[in-house]
Novice: 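Below is one structure. I have some questions about it.
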Amino acid sequence: MTTELDNLHNEADGENNQNLNPSESPTESTDNESDKQGVGTGSASAETVDEVTESQSESVEREEKPHDTVDAENYKSEEHEDAEESEEAVEEEIPFKNYDELPIAVLIGEAKNLLKNHPARKLREHFHQIRDAVKKQLEEDETSKKEAFVENGGEALDFQYDNPARREFNAVFNDYRKQLDAFFKEQEKNQQENLKERLQVIDELKALYMEPNEESSNIFVQFRNLKTRWHNAGSIPKAQAGNVFKTYFHHLDNFYEYLDLNKELREMDYAHNLQVRESIIKRAEELVGEENVQKALNELQYLHRLWKEEAVPVAEELREPTWQKFKDLTHKIHDRKSELGEKIKAEQEDNLKKKQEILAEIAKLVENAEKKSHGEWQSGIKKLNALRENFLSAGRVPKEFNQKMWDEFKSVTRDFNHAKNEFYKSLKSEQQTNLEKKQELLRIAKEHADSTDWNASVQVIKRIQADWKKIGHVPRKYSDAIWKEFKEACNNFFDHYKERGNQANKQYEENLVKKEELLKEIESFQATENIQDNLDKVNDFHVRWNSIGKVPLAKMSINQEFNKTVGDLVKSFGLSDTEIQDFKMASLVDQIKSGHDERLLDDEIRKSRKLIDDLEKEINQLETNVGFFANADENSPLLKDVYRQIEEKRSRLTDAEIRLRKLHRIDFEDEEEADEGSSES
């Protein structure tokens with residue numbers, strides 16, 4: 001019959017701790033891998049494992065009756081059970097994903113990450129699910145492409161399917177199998193070494209009681225060392241496990257029979273075991289206050305295993321008190337399971353909230369789908385991929401919400417993909433229209449590529465370049481070609497335009513040389529006594545200067561130099577200011593008429609109008625200022641200065657108005673008729 005001690009040990013060891021570690025995956029099993037590879041885990045044979053229940057009660061009898069014969073089956077099954085449960089308790093869960101929903105590229109990346117970050121022996125179920133998902137998608141892709149091949153006129157027997165993703169996944173899967181093979185080979189090697197060690201311990205244990213030649217204290221130390229070595233030896237091949245464990249416990253029973261014959265040695269063993277119990281109790285007391293509940297439960301399991309293997313027997317009067325104390329501490333630690341459950345529940349609630357927020361973010365990506373541009377959709381795709389990764393890595397949610405969250409995730413993702421596909425279907429029609437618009441711009445660009453009507457064509461080219469940027473995307477297969485053609489046509493025009501500019505610059509340099517020579521001629525001119533001849537000569541200088549043409553922009557100051565030189569020359573003729581102004585005006589009119597220079601006429605009219613407007617504003621301002629001198633003395637110097645400025649500006653205003661009227665009277669048509677009449681005569 002199972003005792004309270006067995007039940008408590010079993011609870012601590014994890015037999016009934018399905019809720020101890022809710023993250024534990026029920027599909028994770030290293031034994032399955034081991035069985036398939038033909039390598040043992042160090043446990044007893046199947047028949048021996050079946051005897052665990054029968055031998056549990058005998059474990060307590062062994063503690064309470066150290067002088068009785070110990071059942072080897074009991075020790076063997078307890079150690080095997082503890083080793084497995086201890087390993088399972090610390091197994092870290094590797095979360096599963098819905099691999100059927102992931103694309104091949106993501107599945108391959110997931111397989112690589114799993115193999116990189118986890119031992120291959122823990123990945124069997126993951127890799128099988130990933131392999132099935134990849135195989136399914138490859139088959140669907142192959143079927144689809146084969147049907148398209150046949151529809152396009154191909155023969156089904158001629159179809160060949162090749163997908164780089166298949167080779168890439170096969171390479172990853174082969175790496176997984178190689179690592180798995182290497183693990184089992186290493187495990188087998190270690191188990192053989194462990195087998196040698198356990199057989200050596202058995203031989204030394206046998207010799208310890210059959211050939212005693214040491215003092216009692218030394219035998220006791222050797223015995224403890226052998227038990228420690230046996231405990232630390234590790235797993236052995238499953239085929240030999242049953243016989244090896246039976247042999248060990250057989251000799252262990254024999255040693256305890258020998259121990260009964262040596263009271264001093266037994267007392268030393270009791271004392272040592274009591275020290276072990278006290279150290280276990282002390283550590284259990286510390287675990288009661290451990291913040292990490294899962295860590296405390298896992299370590300408690302180890303302490304119970306240590307209690308069974310290292311802390312029995314003790315003196316009879318100390319057995320129950322020490323055990324009761326350890327049992328009470330065990331109950332206190334197990335009482336904290338609810339605390340762990342609450343923590344896990346809080347984490348899952350937090351994960352649920354995170355996933356709900358992610359789903360809301362994905363739903364927002366579909367809002368105003370009909371108004372989104374290509375760039376916005378591309379940005380949305382990147383955001384969706386990031387949100388997908390965050391959703392899959394967010395962790396578990398409460399069980400009742402698990403399927404709901406996954407269904408909602410698939411739904412909002414499906415809505416996004418549907419809206420995206422609809423956009424790009426409509427975009428194809430829009431892109432065809434854009435292609436037609438760009439083809440028209442290309443036609444215009446080609447028409448003007450060799451044009452010499454520079455002023456008109458340069459405006460056209462600039463306009464169609466701006467229009468090109470506004471049109472938008474065209475089908476990808478035409479995009480590069482039409483852009484290249486359009487760019488070449490525009491570049492051809494601007495190359496010609498630049499060449500024309502180079503020619504103009506060359507002409508400007510020649511004009512500069514001519515003006516410099518004319519300027520030297522003016523500076524060396526010697527005036528005669530006939531003023532009219534002198535003025536005619538100056539007028540001729542103006543005509544010749546204007547007929548030369550433009551000079552480089554950096555040398556435009558030569559025109560100012562010309563005006564100053566001519567002005568100084570006219571002043572040297574002894575004319576009054578009025579005569580000089582009349583001469584300048586007459587010279588300007590002749591210059592405009594002789595060159596039929598409408599642009600110069602427009603510039604002079606504009607300057608005259610601006611001067612008139614400025615003078616009128618200044619006169620109005622001065623007359624307003626006079627109003628502030630209502631009570632001032634008429635002889636005030638300040639008031640007199642204001643009146644002087646007003647008169648001066650009115651005089652300039654009159655001159656400007658006369659100048660404007662003369663400019664308006666210039667008539668190029670009359671001039672042309674006069675020229676025609678003189679030519680006819």
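Because only heavy atoms are used, hydrogens play no part in the values below, and waters and symmetry mates are left out as well, while side chains stay in.
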Novice: Whether the side chain of D141 engages the backbone of Q137 through a donor-acceptor N/O pair (distance < 3.5 Å, no angle test) should be reported.
Specialist: no
Novice: Under a 3.5 Å distance rule, please check whether E290 uses its side chain to pair with a backbone N or O of N292 as donor and acceptor.
Specialist: yes
Novice: Has K410 got more than 12 heavy atoms of other residues, nucleotides or ligands less than 6.0 Å from its NZ?
Specialist: yes
Novice: Using the test salt bridge (charged side-chain N to carboxylate O under 4.0 Å, His left out), find all partners of K178 that sit at least two apart in sequence or belong to another chain.
Specialist: none
Novice: Any donor and acceptor pair, going by atom type alone, linking the side chain of N351 with main-chain N or O of V397 inside 3.5 Å?
Specialist: no
Novice: Identify every side-chain donor-acceptor pair in residues 431-450 under 3.5 Å, counting partners at least two apart or on other chains, and give the distances.
Specialist:
unit_1: T433; atom_1: OG1; unit_2: S429; atom_2: O; d: 3.3
unit_1: N434; atom_1: ND2; unit_2: E430; atom_2: O; d: 3.4
unit_1: N434; atom_1: ND2; unit_2: I471; atom_2: O; d: 3.4
unit_1: N434; atom_1: ND2; unit_2: H473; atom_2: O; d: 2.8
unit_1: K438; atom_1: NZ; unit_2: G472; atom_2: O; d: 3.1
unit_1: E440; atom_1: OE1; unit_2: R443; atom_2: NE; d: 3.2
unit_1: E440; atom_1: OE2; unit_2: R443; atom_2: NE; d: 3.3
unit_1: E440; atom_1: OE2; unit_2: R443; atom_2: NH2; d: 2.4
unit_1: R443; atom_1: NH1; unit_2: E447; atom_2: OE2; d: 2.4
unit_1: K446; atom_1: NZ; unit_2: E485; atom_2: OE2; d: 2.5
unit_1: H448; atom_1: ND1; unit_2: S457; atom_2: OG; d: 3.1

Novice: What orientation do F127 and F173 show, parallel under 30°, tilted 30 to 60°, or perpendicular over 60°?
Specialist: tilted
Novice: My understanding is that only residues two or more places apart in sequence, or in another chain, count here; which of them pass salt bridge (charged side-chain N to carboxylate O under 4.0 Å, His left out) with K345?
Specialist: none
Novice: Run the salt-bridge test on E347 and R396 with the 4.0 Å N-O cut-off and return the result as yes or no.
Specialist: no
Novice: Applying ring pair (Phe, Tyr, Trp, His ring centres under 6.0 Å), name anything that partners F159, two or more places apart in sequence or on another chain.
Specialist: F149
Novice: For residues 343-362, pull every pair meeting ring-ring contact (aromatic ring centres under 6.0 Å, His included), keeping only residues two or more places apart or in separate chains.
Specialist: none
Novice: Verify, without hydrogens or angle tests, whether S393 (side chain) and E389 (backbone) share a donor-acceptor contact under 3.5 angstrom.
Specialist: yes
Novice: For K487, check salt bridge (charged side-chain N to carboxylate O under 4.0 Å, His left out) against everything at least two apart and list the hits.
Specialist: none
Novice: Are any of the side-chain nitrogens in R463 or D467 under 4.0 Å away from the carboxylate oxygens of its partner?
Specialist: yes
Novice: Is it the case that the side chain of D350 and the backbone of A346 share a donor-acceptor pair, with hydrogens and angles ignored and the cut-off at 3.5 Å?
Specialist: no
Novice: Holding to ring pair (Phe, Tyr, Trp, His ring centres under 6.0 Å), I want the full list of residues that pass it with F401, two or more places apart in sequence or in another chain.
Specialist: none
Novice: What closest approach, in Å, do P398 and L352 show between heavy atoms, and which atom pair accounts for it?
Specialist: CD-CB, 4.2 Å
Novice: Can a side-chain donor-acceptor contact be found between Q294 and N298 if the only test is distance below 3.5 angstrom?
Specialist: yes
Novice: With a 4.0 Å cut-off, would you call K617 and D613 a salt bridge?
Specialist: no
Novice: Who passes side chain to side chain contact (heavy atoms under 4.5 Å, CB included) against K550, sequence neighbours left out?
Specialist: Y508
Novice: Not counting sequence neighbours, list each pair that qualifies as a ring-ring contact (aromatic ring centres under 6.0 Å, His included) and has a residue in residues 340-366.
Specialist: none
Novice: What pairs with Y99 under ring pair (Phe, Tyr, Trp, His ring centres under 6.0 Å), at least two apart in sequence or on another chain?
Specialist: none
Novice: Quick one about Y176 and N174 (side-chain donor to acceptor, distance below 3.5 Å, no hydrogens or angles considered), yes or no?
Specialist: no
Novice: Would you please name every residue forming a ring pair (Phe, Tyr, Trp, His ring centres under 6.0 Å) with Y478, sequence neighbours left out?
Specialist: none
Novice: With distance as the sole test, does T143 use its side chain to make a donor-acceptor pair with the main-chain N or O of E139 at under 3.5 Å?
Specialist: yes
Novice: State which residues pass side chain to side chain contact (heavy atoms under 4.5 Å, CB included) with R606; sequence neighbours excluded, sorted by chain then number.
Specialist: D603
Novice: Do the ring planes of H126 and F96 sit parallel (below 30°), tilted (30 to 60°) or perpendicular (above 60°)?
Specialist: parallel
